Protein chains: 4
Amino acid sequence: MSGSNFGKVLQLTTFGESHGVGLGAVLDGFPAGMALSEADIQVYLDRRRPGSTTMGTTRQEADRVELLSGVFEGRTTGTPIAMLVRNTAQRSGDYNTISQLYRPGHADYGFDSRFGLRDWRGGGRSSGRETIGRVAAGAVCAKLLGEMGIELTAYTCAIGDIRVDPVRFDREFLQHSATAMPDPIADEQAVALVQKLREQGDSIGSAVACRITGVPAGLGDPVFDKLDARFAQALMSIGAVKSVSVGDGAAVTTARGSENNDAFLPAAENAGSLRKATNHSGGILGGISDGSDILLQACFKPTPSISLPQQTVNRDGIPADIEIHGRHDPVIAPRAAVVVETMCAIVLLDAMLSRMCTRADDVISFYGRR
Amino acid sequence: MSGSNFGKVLQLTTFGESHGVGLGAVLDGFPAGMALSEADIQVYLDRRRPGSTTMGTTRQEADRVELLSGVFEGRTTGTPIAMLVRNTAQRSGDYNTISQLYRPGHADYGFDSRFGLRDWRGGGRSSGRETIGRVAAGAVCAKLLGEMGIELTAYTCAIGDIRVDPVRFDREFLQHSATAMPDPIADEQAVALVQKLREQGDSIGSAVACRITGVPAGLGDPVFDKLDARFAQALMSIGAVKSVSVGDGAAVTTARGSENNDAFLPAAENAGSLRKATNHSGGILGGISDGSDILLQACFKPTPSISLPQQTVNRDGIPADIEIHGRHDPVIAPRAAVVVETMCAIVLLDAMLSRMCTRADDVISFYGRR
Amino acid sequence: MSGSNFGKVLQLTTFGESHGVGLGAVLDGFPAGMALSEADIQVYLDRRRPGSTTMGTTRQEADRVELLSGVFEGRTTGTPIAMLVRNTAQRSGDYNTISQLYRPGHADYGFDSRFGLRDWRGGGRSSGRETIGRVAAGAVCAKLLGEMGIELTAYTCAIGDIRVDPVRFDREFLQHSATAMPDPIADEQAVALVQKLREQGDSIGSAVACRITGVPAGLGDPVFDKLDARFAQALMSIGAVKSVSVGDGAAVTTARGSENNDAFLPAAENAGSLRKATNHSGGILGGISDGSDILLQACFKPTPSISLPQQTVNRDGIPADIEIHGRHDPVIAPRAAVVVETMCAIVLLDAMLSRMCTRADDVISFYGRR
Amino acid sequence: MSGSNFGKVLQLTTFGESHGVGLGAVLDGFPAGMALSEADIQVYLDRRRPGSTTMGTTRQEADRVELLSGVFEGRTTGTPIAMLVRNTAQRSGDYNTISQLYRPGHADYGFDSRFGLRDWRGGGRSSGRETIGRVAAGAVCAKLLGEMGIELTAYTCAIGDIRVDPVRFDREFLQHSATAMPDPIADEQAVALVQKLREQGDSIGSAVACRITGVPAGLGDPVFDKLDARFAQALMSIGAVKSVSVGDGAAVTTARGSENNDAFLPAAENAGSLRKATNHSGGILGGISDGSDILLQACFKPTPSISLPQQTVNRDGIPADIEIHGRHDPVIAPRAAVVVETMCAIVLLDAMLSRMCTRADDVISFYGRR
């Protein structure tokens with residue numbers, strides 16, 4: 001059953017395995033006429049690359065994207081944009097010893113249960129490298145959003161107990177932060193923590209926040225394709241995410257209505273949307289954007305690949321011990337932030353395209369213009 | 001743009017507004033040959049009915065379901081199962097005064113932004129009554145799951161600061177609990193809290209947990225339709241949900257890999273799936289079920305309709321005060337638990353149907369049988 | 001597996017059986033703000049009603065449509081438009097004798113093979129009454145198309161050897177034609193032929209043509225959702241259709257390129273699209289509308305229900321003779337013309353909505369306006 | 001709006017332009033565990049290659065397929081199978097002179113109307129080379145069908161007035177036929193006709209028939225995804241097809257029910273499906289396969305690229321003359337037969353996968369086995 005396809009008007013299909021020929025994406029339904037080059041995409045891929053931060057694995061791959069289709073004379077043509085990143089630094093030998101074992105915390109057992117076999121090299125399709133296709137496609141979407149004044153900023157907001165302090169939020173620092181934390185103090189603490197865990201052969205959980213500014217009101221299709229429901233699917237589909245929240249998230253459980261409701265205020269001059277006195281909703285009410293900033297958060301479990309010895313069973317169901325060596329991040333958020341950001345870009349642009357054909361008078365005026 | 005359709009092999013389409021003619025669902029792709037009557041569905045609808053708990057609104061509706069199609073001589077036929085619940089107790093007059101105002105915490109402004117107009121009677125399509133179609137369809141799915149030994153149990157796990165104590169979990173009590181809390185002590189405390197808030201004209205947040213037992217390993221389509229990603233969309237699409245989590249949820253942020261990884265153990269005799277020493281994963285690893293119980297949680301914001309005065313603007317953008325009177329629950333979870341449960345049933349059955357055609361040898365043996 | 005859902009931006013779901021409670025449709029994604037009443041839909045349903053022409057079956061049903069949702073104060077709201085037609089004149093007894101037999105030319109055996117059981121009353125879901133949902137939904141779409149100056153005209157172009165002569169095309173006569181033929185002479189001949197076949201207990205094949213005027217250029221999504229590919233699916237999905245063609249259709253097989261190519265001419269003043277010297281293409285080139293009239297044709301097999309004795313087998317595979325008595329049209333096109341017309345309306349409107357988000361500058365200007 | 005995606009359980013996404021980097025396909029949802037190599041695919045690609053027949057264009061391309069993902073140790077893994085064919089013999093210069101002109105019979109004007117720009121090199125996405133992705137994916141599907149004893153045979157059945165005589169059908173000859181006609185006499189006549197047209201700078205229409213044997217009864221999802229409706233979309237989506245028919249096709253228009261109905265006969269010993277005395281239905285009744293051979297036909301217009309002078313307009317709407325030189329087939333069917341065959345393979349396998357989850361007892365027994 002197909003599961004590598006995402007989106008409604010805009011449809012993303014990804015493919016590829018960690019140690020196969022390559023990974024890629026086909027983005028179909030993207031509007032024609034936008035300037036696009038490989039460099040636009042490469043910038044985003046470089047953000048998720050191992051080694052791009054000091055937190056990263058030691059696997060060094062160029063991850064160079066090649067545009068295969070959908071662009072002519074530097075502009076998108078409206079036809080599918082296919083992008084390919086070839087794998088270059090595979091060392092499958094690293095994984096030979098575990099081909100017959102089910103790694104705890106990994107999808108190995110699930111893949112075998114489902115498909116009867118699996119590409120065990122580096123996790124195959126369940127590897128973190130699967131996100132390359134997402135990032136490449138999301139980079140294309142983010143560019144068009146940017147041309148409309150919509151900005152997405154995802155960052156690591158927590159690593160273990162270390163949390164970013166909002167009052168220290170430093171966008172400039174974020175560009176160079178080893179942890180993708182926009183807070184120099186938290187970053188420094190986190191680097192130390194991660195280094196310690198790496199030495200211990202252990203790993204730690206983390207969280208990524210994403211803020212989207214400049215969002216028009218009215219985005220999101222009731223009822224199953226509510227804007228937050230689409231974000232939830234998009235973010236939960238990223239490997240290792242165990243929780244997704246919007247606005248105040250789980251904190252709403254203990255809030256009162258009189259606190260949680262955001263009072264509406266008249267729109268600012270020349271602004272399209274109403275303002276709100278607060279933004280507990282995270283920019284989405286009843287599944288539709290309310291014109292305030294969209295605030296999302298995703299929590300990542302600790303990297304399941306650890307070198308500490310663990311108990312498991314092999315493919316025959318016989319108990320076995322396992323130690324996982326190789327090039328693994330002890331924490332996921334630093335490299336996943338760009339994945340969250342680009343997935344959000346895909347969801348948002350898709351919702352914006354959908355919105356264009358929701359009113360009869362828009363339809364009539366569109367065709368009247370012709 | 002269409003958004004009232006959900007599912008892959010199994011497709012649910014819902015329709016209807018709070019104060020229109022009625023609400024309903026069309027469930028297409030449901031397997032043929034299962035015994036089904038209106039009574040099977042009514043049981044679930046009664047659980048979400050106002051007045052079914054003492055927490056409920058005082059609006060009394062029978063919410064009787066009528067099966068319009070897809071069943072012949074008491075069995076499903078494989079064709080679309082259409083179900084209709086007519087509205088009978090509409091009192092639109094309650095809402096007249098707010099037709100020109102944007103209620104804080106509600107979708108009113110979003111609907112107007114998106115569609116240029118809205119059915120303002122009782123929230124129209126964004127009313128909690130929208131879930132009638134979900135519950136009716138999910139009841140059908142839950143029946144088939146039950147025939148395969150798969151049980152879903154959703155319950156209120158928190159109302160404000162009051163949380164269910166797992167050691168007091170009482171399945172029998174749950175059937176009669178006013179709050180859908182399976183813990184008599186928590187239930188009593190919550191009833192008192194809610195009564196107090198009702199008197200204050202305020203409301204409170206809450207959370208629903210769902211446990212699914214008997215789940216086979218191997219369910220979930222990588223990569224965007226991971227089982228947890230589908231659950232996330234399904235649950236976040238329920239009105240007022242602001243956070244969705246699987247297994248340990250947000251707590252993974254501070255966990256270490258050595259704690260969070262669940263060790264695999266050999267399968268019990270005659271059991272299909274491996275066992276695990278713990279279940280931090282909540283039964284889903286890498287987006288595929290691992291054979292352990294599936295554990296999900298959704299957090300609901302406090303009911304936005306409160307009678308305390310609030311600040312807002314009207315459709316012309318002019319500031320205005322608003323007090324919302326009418327029949328509103330001060331807390332959402334007690335009646336939403338069955339919505340969570342039935343949405344989970346839809347997602348799970350859909351995933352089970354998808355799983356049936358993922359292996360070439362299953363395909364060959366299926367057609368070989370014929 | 002779901003198959004009662006059709007469309008992309010605009011999604012139609014139909015339900016219902018010939019002798020069940022009723023038949024209906026849910027149209028999701030229809031733009032908000034268009035005036036709509038049950039009368040708008042009833043006009044179309046009346047065109048497909050038995051007894052609406054003298055060719056029809058003698059079954060008399062009111063087929064009154066009830067709007068269940070999606071309309072508020074006389075306007076569409078952008079939420080799903082659900083429509084229901086209750087069955088009132090069922091005489092299941094007519095079918096009792098054939099419940100164990102597979103009627104030649106019918107779907108009985110297919111349904112049993114697929115689902116293991118079937119609703120044998122009047123063909124159940126495979127009855128011609130299934131089209132009620134299509135016609136109801138298509139009527140809604142045709143109204144919006146009409147507001148943009150797009151007109152659809154479907155008519156019977158052939159019954160057996162009797163073909164409509166284009167030089168006698170009489171739109172006025174079409175409104176009252178017993179055969180839905182817009183040619184009084186062909187109509188008269190066809191009435192006589194059909195009467196003779198009815199007496200003989202036999203039936204005859206037929207064809208429906210559809211012309212769509214006022215179509216803008218640029219509709220149709222390459223490559224699988226080409227405009228003609230969508231029409232082909234839509235028309236072939238109507239029961240008894242065995243051939244679908246566009247423009248010159250099968251005649252292209254013997255044409256030369258120098259004949260078949262339509263020369264482009266400059267656009268007329270104030271016109272949006274180029275003109276063409278001829279229209280062999282039927283208004284679609286490379287799967288995209290070219291601004292000329294769209295010309296489609298569908299060929300219907302003779303009604304399979306005939307009272308002449310036929311050879312078949314029963315559910316146990318034992319040979320048996322069968323004679324089918326009941327209320328059956330000896331020819332399908334007269335009542336199917338409106339089904340063709342409304343399916344075309346659905347396909348076309350869906351393509352027009354899709355077209356609105358295909359260019360980056362349209363996207364930017366749409367959101368710039370806000 | 002996305003249109004390069006096709007299928008339900010099995011989803012094909014294609015990409016690429018005639019003179020871009022390359023063309024390819026991503027096939028998602030294909031069952032795991034089937035042996036697959038590039039050679040399995042190359043055989044089919046070679047059948048559509050220019051120069052593979054003497055009818056072909058003189059453009060010589062290797063069209064070598066590269067498997068990018070979804071196969072591990074020679075077996076499909078259940079994850080997306082991505083395939084790429086790089087373009088190697090582009091001579092864009094051939095097209096420079098026509099970049100500003102709308103070629104009659106081509107999609108140039110449609111693409112400009114839709115997208116505001118187009119890749120004019122060789123037709124870009126609307127080139128016949130677009131079918132490379134279809135053929136590659138269909139080859140994979142045909143292999144699994146073959147393992148279940150299902151064979152597809154597509155062939156040119158007509159070129160202009162020259163038609164294959166069924167009594168001379170010669171499967172062996174078909175393998176080597178220059179025209180893909182399985183009739184040596186028709187082939188010889190057609191070769192001469194095509195040669196004459198090539199000299200005249202003109203082209204001719206043609207038709208392809210496809211027979212599928214070994215098909216189980218019960219395939220096809222009522223009502224919009226009837227098996228014939230899916231075939232109709234699939235075949236009409238192939239460039240230049242103007243008519244699609246099933247079984248007797250348009251000839252049903254003049255048939256009587258007593259002739260057209262196929263009598264059912266008891267199943268042969270050890271056979272799964274009933275037999276029929278005739279097969280006017282072409283193996284599909286009511287949109288569901290009836291166990292007989294499936295018979296399909298598609299009519300192709302003459303190649304629109306002709307070197308005879310034609311009248312057109314340029315992008316500014318100014319009249320202009322055009323002569324199209326380059327490497328073009330004067331007839332489409334010989335190379336399109338394999339495209340028809342592979343599209344049918346995709347539709348059929350998709351329908352077979354869908355069929356596996358249509359009965360409750362199949363579901364229960366599937367999971368009971370585990």
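The model shown is predicted, which means the values in this text are computed figures rather than measured ones. Letters A, B, ... mirror the listed sequences (proteins, then strands); counts begin at 1.
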With a 4.5 angstrom heavy-atom cut-off, could you sort out which part of C/Asp112 is near chain D: side chain, backbone, both or neither? backbone
Chain C heavy atoms under 4.5 Å from D/Gln200: which part of the residue, side chain, backbone, both or neither? side chain
Under 3.5 Å donor-acceptor, D/Arg359 side chain and C/Arg114 backbone: yes
Quick check for you: to the nearest 0.5 Å, what is the distance between C/Asp225 atom CG and D/Ser237 atom OG? 8.5 Å
Does a side-chain heavy-atom distance below 4.5 Å link D/Phe300 with C/Thr253? no
If we ignore hydrogens and angles and just use 3.5 Å, is the side chain of D/Asp202 paired with the main-chain N or O of C/Arg256 as donor and acceptor? no
In terms of the angle between their ring planes, are C/Phe224 and D/Phe6 parallel, tilted or perpendicular, with boundaries placed at 30° and 60°? tilted
Reported OG-to-CG distance for the pair C/Ser113 and D/Leu274, which is rounded to 0.5 angstrom: 7.0 Å
Backbone N/O of D/Ile238 and side chain of C/Lys226: donor-acceptor pair under 3.5 Å: no
Under 3.5 Å: donor-acceptor pair, side chain of D/Lys242, backbone of C/Ser281: yes
Chain C heavy atoms under 4.5 Å from D/Thr358: which part of the residue, side chain, backbone, both or neither? both
Tell me which one of C/Arg103, C/Lys301, C/Gln310, C/His106 satisfies side-chain hydrogen bond (donor to acceptor under 3.5 Å, both in side chains) with D/Asn261. C/Gln310
